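Being a predicted model, the structure only gives us computed values, none of them experimental.
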Amino acid sequence: MGALGYRQVVAEAMPTPVFVPPLVPDLSRRQWLRGAAAAALLGQGLAHAQQRPEKPRLTLALGGKTALYYLPLTIAEQLKYFSAEGLEVELQDHAGDSLAQQALLQGQADLAAGGFERVILLRQHGVNCRAFAALGRAPQLVFAVNARTLPNFKHLVQLKGRRVGVTALEATSHWFARMLLARAGVSPADVEFVGVGTSTAAVGALREGRIDAISDIDPVMTQLELRGDIRVVADTRSLRGTQELYGGPMPGGCVYAPQAFVVRYPNTAQAVANAVVRALKWLQTAGPSDIVRAVPESYMYGDRAIYLAALEKAREALSPDGMAAEEGVATAHRVVAQYPNGSAAVRSQAPGTTYTNDFARRAKAKFQVSGLSRDATGA
């Protein structure tokens, strides 16, 4: 941590100054209280000034703005939670989280959101990024086969020579598909992967028979499922399904940034975490009517009922408090090590280097968020 970041941490740890009146015999109680109140207000003002974001204008790249995977960010934007923290955030939309990551690495975005696996893979290849706000406590990914082109499907080996749709090449959905196929003895060279995005284009690609299987997220997957277009093979929208597939809890989406950003702009990272955790708290008790009012109509692809049905399927996968569970992080590192993405890693990383709960923990305390799952210790 640089000197600036260290001074900030020390400043935040210091108690708010308390006014102590001099021992003057003729000072009235009213005068003392007035002085104490003024000093308290001054202390609060100084504390607020110290916590002001160093970088109030941000671009946050994400892979599918309309997807439920990024719903906490949508809520933070629509309910003005970013603005309340002194931030002006542009949510930069991409077809998949691999493209969002690319925008971050090319300097086109300050932060990125995507699968926790992305942070591990980046770290393994020498790019130091860190997750600091969890969006999900399960991946929310679904793998399914086309019910029309594979009506007699029984095993993933039948996908050899077929086309598999993913949100984008090298995205988390692509990694998920390769992991499942590898377990079934199907190599990446045995299939053709096609980027189809996270919206209606993915639905069209499957219905028109241009892909024989799909690895994607909601609401697309629920739309295909409810209309009988697919047969689900693997589902990580539930905690139970995730546990069975990975052999332990597995994190979902997260907000991450280069380590240098987190160190240089700690107040900004805290403000982002505050907005995300506040949105997650709102989602804990939001009903269908609340969601319909808060989420733009265009995000529902013309069918509110399917969107709300998708939300119910994915609701427990949302993080309750922005904290990354230590056990889940360990699972992610173990699984990524078993199924690496692309070229060999230049070095392995300890789980604690890829995330921190410090910002989410402070946000959780600020908004008095009740943790619905076991808290984890931060790195």
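Inter-residue side-chain proximity for K313 and M221 is flagged as unmet; no heavy-atom pair is nearer than 4.5 Å. Between K366 and R362, the closest side-chain pair of non-hydrogen atoms is not below 4.5 Å. Side-chain atoms of N128 and R123, non-hydrogen and from C-beta on, do get closer than 4.5 Å to each other. A 4.5 Å side-chain heavy-atom check between P251 and R137 finds every atom pair outside the cut-off. Counting only heavy atoms from C-beta outward, the side chains of L122 and L105 approach each other to under 4.5 Å. Side-chain contact between V295 and L71 is present, with heavy atoms from C-beta onward closer than 4.5 Å. Side-chain contact between V255 and L73 is present, with at least one heavy-atom pair separated by less than 4.5 Å. Inter-residue side-chain proximity for W175 and V335 is flagged as met; some heavy-atom pair is nearer than 4.5 Å.
E316 places a side-chain N or O within donor-acceptor distance of the main-chain N or O of L239, the cut-off being under 3.5 Å. Under a 3.5 Å cut-off, the side chain of E312 and the backbone N or O of A309 do not form any donor-acceptor pair. When atom types are taken as modelled, the side chain of S98 and the backbone of L169 share a donor-acceptor pair closer than 3.5 angstrom. Although no hydrogens or angles enter the test, the distance criterion places a donor-acceptor pair under 3.5 Å between the side chain of R334 and the main chain of Y246. Of the possible donor and acceptor atoms, one in the side chain of N357 sits under 3.5 Å from a partner among the backbone N and O of A324. S215 places a side-chain N or O within 3.5 Å of a backbone atom of S173 that can act as its donor or acceptor partner. Side-chain atoms of T236 come within 3.5 Å of backbone N or O of L141 as a donor-acceptor pair. Without hydrogens or angle criteria, D212 side chain to N146 main chain gives no donor-acceptor distance under 3.5 Å.
When every heavy atom of T198 is checked against every heavy atom of A95, the shortest pair comes out as CG2-O, 3.7 Å. Here the closest non-hydrogen pair linking A112 and L104 is CB-CD2, 3.9 Å. The shortest heavy-atom contact between Q140 and I217 is O-CG2, 3.5 Å. Counting all heavy atoms, side chain and backbone alike, A100 lies closest to H94 at CA-CD2, 3.7 Å. In this structure, L159 and V191 approach most closely via the heavy-atom pair O-CG1, 3.3 Å. What you find for A279 and P72 is that their closest heavy atoms are CB-O, 3.3 Å.
Contacts classified as ring pair (Phe, Tyr, Trp, His ring centres under 6.0 Å) and involving residues 176-203 (residues at least two apart or in different chains) are given here: H174-F193. Sorted pairs that involve residues 296-317 and meet ring pair (Phe, Tyr, Trp, His ring centres under 6.0 Å), not counting sequence neighbours, are lacking altogether. Applying the side chain to side chain donor-acceptor pair (under 3.5 Å) rule to pairs touching residues 68-77 yields nothing, sequence neighbours excluded.
Placement of Y81 and I291 within a single hydrophobic cluster is found when ILVMFWY residues are connected by side-chain heavy-atom separations under 4.5 Å, directly or transitively. Following chains of ILVMFWY side-chain contacts shorter than 4.5 Å, one can reach L245 starting from V166, so the two form part of one hydrophobic cluster.
Among residues two or more places apart in sequence or in another chain, the side-chain contact (heavy atoms from CB on, under 4.5 Å) test is passed with E192 by R163, V194. Applying the salt bridge (charged side-chain N to carboxylate O under 4.0 Å, His left out) test to D229 and every residue at least two apart in sequence or in another chain returns R148, R207. Scored by the salt bridge (charged side-chain N to carboxylate O under 4.0 Å, His left out) test, E244 finds R240 as partners (sequence neighbours excluded). Shown here are the side-chain hydrogen bond (donor to acceptor under 3.5 Å, both in side chains) partners of D303, two or more places apart in sequence or in another chain: R227. A310 is linked by a side-chain contact (heavy atoms from CB on, under 4.5 Å) to L68, D218, P219, T222, counting only residues two or more places apart in sequence or in another chain. The side-chain contact (heavy atoms from CB on, under 4.5 Å) check on A131 picks up F116, V119, C254, Y256, Y355, with sequence neighbours excluded. Applying the side-chain contact (heavy atoms from CB on, under 4.5 Å) rule to A257 yields the partners L111, F132, F261, V262; only residues at least two apart in sequence or on another chain are considered. Remark: Q102 engages no residue in a side-chain hydrogen bond (donor to acceptor under 3.5 Å, both in side chains) (not counting sequence neighbours). Contacts of E117 classified as salt bridge (charged side-chain N to carboxylate O under 4.0 Å, His left out), with partners at least two apart in sequence or in another chain: none.
No donor-acceptor contact under 3.5 angstrom links the side chains of D97 and Q101, judged on distance only. Side-chain atoms of Q106 and Q108 include a donor-acceptor pair closer than 3.5 Å.
For the atom pair OG1 (T242) and CZ (R237), the distance works out to 10.5 Å, reported to the nearest 0.5 Å. Atom CG of residue L62 and atom CG of residue D93 lie 5.5 Å apart, to the nearest 0.5 angstrom. A distance of 8.0 Å separates OG in S83 from CD in E88, rounded to the nearest 0.5 Å. The distance from the CZ atom of R210 to the OG1 atom of T149 is 12.5 Å, given to the nearest 0.5 Å.
With respect to R304 and E297, a salt bridge is recorded, a charged nitrogen being found less than 4.0 Å from a carboxylate O. Under 4.0 Å is where a charged nitrogen must lie from a carboxylate oxygen, and between E85 and R278 no such pair does.
Just one residue in the list R57, K55, E54 forms a side-chain hydrogen bond (donor to acceptor under 3.5 Å, both in side chains) with T268, and that residue is E54.
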